[in-house]
Amino acid sequence: MSENMTPLKKPTWRDRLHELKVAMQRHLVIGKHKLHKKRQAGANASVRWLRARPIYHRIGHMLYDMGFQAEYLVVRTGRSIRFAAHQLVHGSAHLAHRIKRGLRRMGYFLWEEILSAPVVFVRGIWRIARNAVWVAKTYGIRHACKQVFANLRNGVKLYGNLVPRTMAYVIPVVVAFFCWGFVENQLAQDYVLAVQVKGQDVGFVASEKVFESAKDSVNERINYAATNQTSWDITPSYTVAAVNDQQELLNETAMADAILQTSEDEIQEGTALYIDGELRRVTTDGTTLKDHIQQMKAPYETGEEGVTVSFNHEVELEDGIYFNDSFSDVNEVMNYLSSDEVKQELYTLVPGDSISLIASKNGLTQAELYELNPGLKQDSKLFPGDQLIVQKQETVLEIRVNKKISYKEEIPFSTTTSTSENYDFGTVKTLVEGQNGEQKITAMQTYDANGNILHTEILSTEILREPVTKEVVKGTRLKSGSIGKVGNGTMMWPVPNYRYCARWATGRHRGVDINGPVGTPIYAADSGVVVKAGMNRAGAGNSYGLSIIIDHGNGMKTVYAHCSALYVSAGQSVSQGQHIANIGMTGRTTGPHLHFEIRNSSGIIPPQNVFHGK
């Protein structure tokens with residue numbers, strides 16, 4: 001007998017209390033484990049969801065743009081007003097000074113300072129020219145040239161003092177033109193921001209808005225996975241500078257790239273390895289890692305039609321910008337893909353399981369199984385459907401070969417059953433023989449690297465030949481002694497063809513044990529509604545195994561325990577004589593039989609009081 005086989009002795013209330021305590025501890029540990037996994041998955045999903053939503057960044061950019069444009073409008077307006085006021089004051093003062101000087105000297109100096117020199121010059125040139133013409137006609141060209149030269153020299157000697165006066169007006173005019181050109185040139189210059197990060201010149205941007213947008217872009221592009229940091233603070237400085245045609249203004253993207261290039265001591269570009277959506281490693285050599293993953297699949301990619309190669313987990317490589325302390329060597333990452341890792345899983349108990357068998361199935365010792373499940377002991381009572389935490393070792397990435405196949409298989413015919421009072425109960429007569437149909441199935445088979453089939457997924461089915469339904473009629477005429485009276489109603493014997501009872505309702509035994517082979521049909525003793533159908537507590541309770549409780553109304557209920565199979569479920573209506581289960585030996589039992597109880601609102605009705613002569 002295995003170590004977890006149920007003893008024949010009825011457990012005491014202390015045993016039941018101990019079992020309840022251990023079960024509560026086990027379910028608490030399992031619940032915490034499930035809650036931890038659920039919270040972790042929910043947190044990862046929330047982070048990825050928020051990271052993928054650009055609306056938060058857009059709102060920030062919009063508010064910043066509004067504030068920047070308002071501030072910039074005020075600054076430009078102030079600059080324009082200040083420049084206009086300066087020009088107005090300067091021009092007014094200069095004009096007033098010139099007017100004052102002109103009015104004061106206009107009388108006497110009007111001729112001396114302004115008109116005399118041009119008039120004298122023009123008049124002298126005219127006289128020299130007229131004299132030169134007369135000399136040329138009279139004495140020849142040679143004498144005329146000498147005469148012109150002599151006249152000019154005399155004119156300079158006589159009127160040379162007028163030259164400084166003339167230059168006093170010419171020079172200011174020339175200087176004014178030069179000043180005007182300089183001002184125009186300065187006003188035409190484009191003033192920008194020269195940006196420095198960490199003491200290094202980064203480049204020029206048109207405005208502070210462009211720099212702020214570039215900084216936000218950098219923070220958006222940085223991946224904070226595999227590190228404890230949640231943000232990266234950039235402390236810039238910038239000065240106003242004039243830009244010429246050879247100096248290039250950077251836009252938002254170019255400025256972000258320049259900032260990143262100056263910050264290689266903290267962050268750099270890399271490739272992250274995600275397996276089933278969970279970050280595992282980050283490396284700088286993403287190309288080598290991608291080639292390695294392709295080489296892992298290459299030997300199995302034969303080019304055969306309908307064959308694809310994948311891994312046992314979803315693999316994703318994401319290029320991005322990561323902090324330097326999160327990087328791993330590419331060789332270490334490639335070795336990690338071929339390494340084994342241990343994961344915790346939940347194991348659901350099946351009939352016949354024991355602690356030693358469960359540990360053996362999962363490659364554990366009993367001590368390791370106890371350590372993984374606090375509260376579990378050697379004498380703990382385990383039931384099918386309970387769950388324990390176990391460990392499973394598997395390779396991080398395993399090859400999966402998916403092959404699309406097609407094959408034909410038979411479609412089993414169905415059977416319709418009707419009842420007739422013309423035949424004795426238990427008599428079955430076939431009216432129409434059933435015939436199997438045929439269908440074409442297209443499926444995807446998945447193999448491991450050694451060619452072992454792991455599972456098959458049905459993709460589509462095509463009916464080639466419809467099945468013929470088998471029609472069967474069952475007799476409902478009961479033999480004498482198979483009907484019992486309960487109050488004002490009737491109740492039939494649940495196993496009509498088997499009458500031997502190993503034990504009747506006596507003392508603490510609440511029902512009758514009807515002996516029969518495993519698989520013998522069990523029928524509903526009366527019409528009603530199934531209120532419970534399942535294993536142990538899902539049915540009639542602990543030790544009952546697979547069991548059914550049917551409510552017949554008026555406080556009457558019947559119980560069918562230790563079944564091997566159930567054909568009804570909770571909430572289903574059944575009729576008297578309907579096939580509801582098969583005899584078995586689940587729960588606490590030493591052999592195959594049906595444990596049958598009759599209950600009412602007052603307690604238990606012994607079945608021998610209902611079925612006389614059994």
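Everything quoted here is computed from the prediction, not taken from an experiment.
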**Asked** Under 3.5 Å, is there a donor-acceptor pair between the Gln439 and Glu409 side chains?
**Response** yes
**Prompt:** Do any N or O atoms from the side chain of Asp386 and from the backbone of Leu382 form a donor-acceptor pair under 3.5 angstrom?
**Reply:** no
Sequence neighbours excluded and cut-off under 3.5 Å, please list the side-chain donor-acceptor pairs for residues 307-314, or say none.
| from | atom 1 | to | atom 2 | distance (Å) |
| --- | --- | --- | --- | --- |
| Ser310 | OG | Asn402 | ND2 | 3.1 |
| Asn312 | OD1 | Glu398 | N | 2.7 |
| His313 | ND1 | Asp276 | OD2 | 2.7 |
| His313 | NE2 | Glu394 | OE2 | 3.1 |

Acceptor/donor pairs from residues 546-560 side chains to any protein atom, 3.5 angstrom cut, sequence neighbours excluded:
| from | atom 1 | to | atom 2 | distance (Å) |
| --- | --- | --- | --- | --- |
| Ser547 | OG | Ala540 | N | 2.7 |
| Ser547 | OG | Gly545 | O | 3.4 |
| Asp551 | OD1 | Gly553 | N | 2.9 |
| His552 | ND1 | Asp526 | O | 3.4 |
| His552 | ND1 | Ser527 | O | 2.8 |
| His552 | NE2 | Thr558 | OG1 | 2.8 |
| Thr558 | OG1 | Tyr560 | OH | 2.9 |
| Tyr560 | OH | Ala525 | N | 3.0 |

**Item:** Reported NE2-to-CD1 distance for the pair His562 and Ile522, which is rounded to 0.5 angstrom
**Value:** 10.5 Å
**Complete:** dist Leu388:CG -> Leu376:CG (nearest 0.5 Å) comes out at 5.5 Å
**Fill in**
Ser601 meets the side-chain hydrogen bond (donor to acceptor under 3.5 Å, both in side chains) criterion, sequence neighbours left out, with none
**Item:** Modelled atom types, side-chain donor and acceptor of Tyr336 and Arg280, under 3.5 Å
**Value:** yes
**Request:** Report yes if the side chains of His579 and Tyr567 come closer than 4.5 Å at any heavy-atom pair, otherwise no.
**Result:** yes
**Request:** Would you mind checking if Asp319 and Lys290 are paired as a salt bridge, meaning a charged N to carboxylate O distance below 4.0 Å?
**Result:** yes
**Message:** Other residues, nucleotides and ligands only: do more than 12 of their heavy atoms fall within 6.0 Å of CD on Gln435?
**Reply:** no
**Prompt:** Would you find a donor on one side and an acceptor on the other, under 3.5 Å apart, between the side chain of Asp353 and the backbone of Val350?
**Reply:** yes
**Asked** Roughly how far apart are Leu337 CG and Thr395 OG1, rounded to 0.5 Å?
**Response** 11.0 Å
**Message:** I'd like to check Glu597 versus Tyr544 (side-chain heavy atoms, cut-off strictly below 4.5 Å). Are they in contact?
**Reply:** yes
**Request:** Examine distances only and state if a side-chain atom of His593 and a backbone atom of Met585 form a donor-acceptor pair shorter than 3.5 Å.
**Result:** no
**Prompt:** How long is the span from the CE atom in Met334 to the OG atom in Ser339, to the nearest 0.5 Å?
**Reply:** 13.0 Å
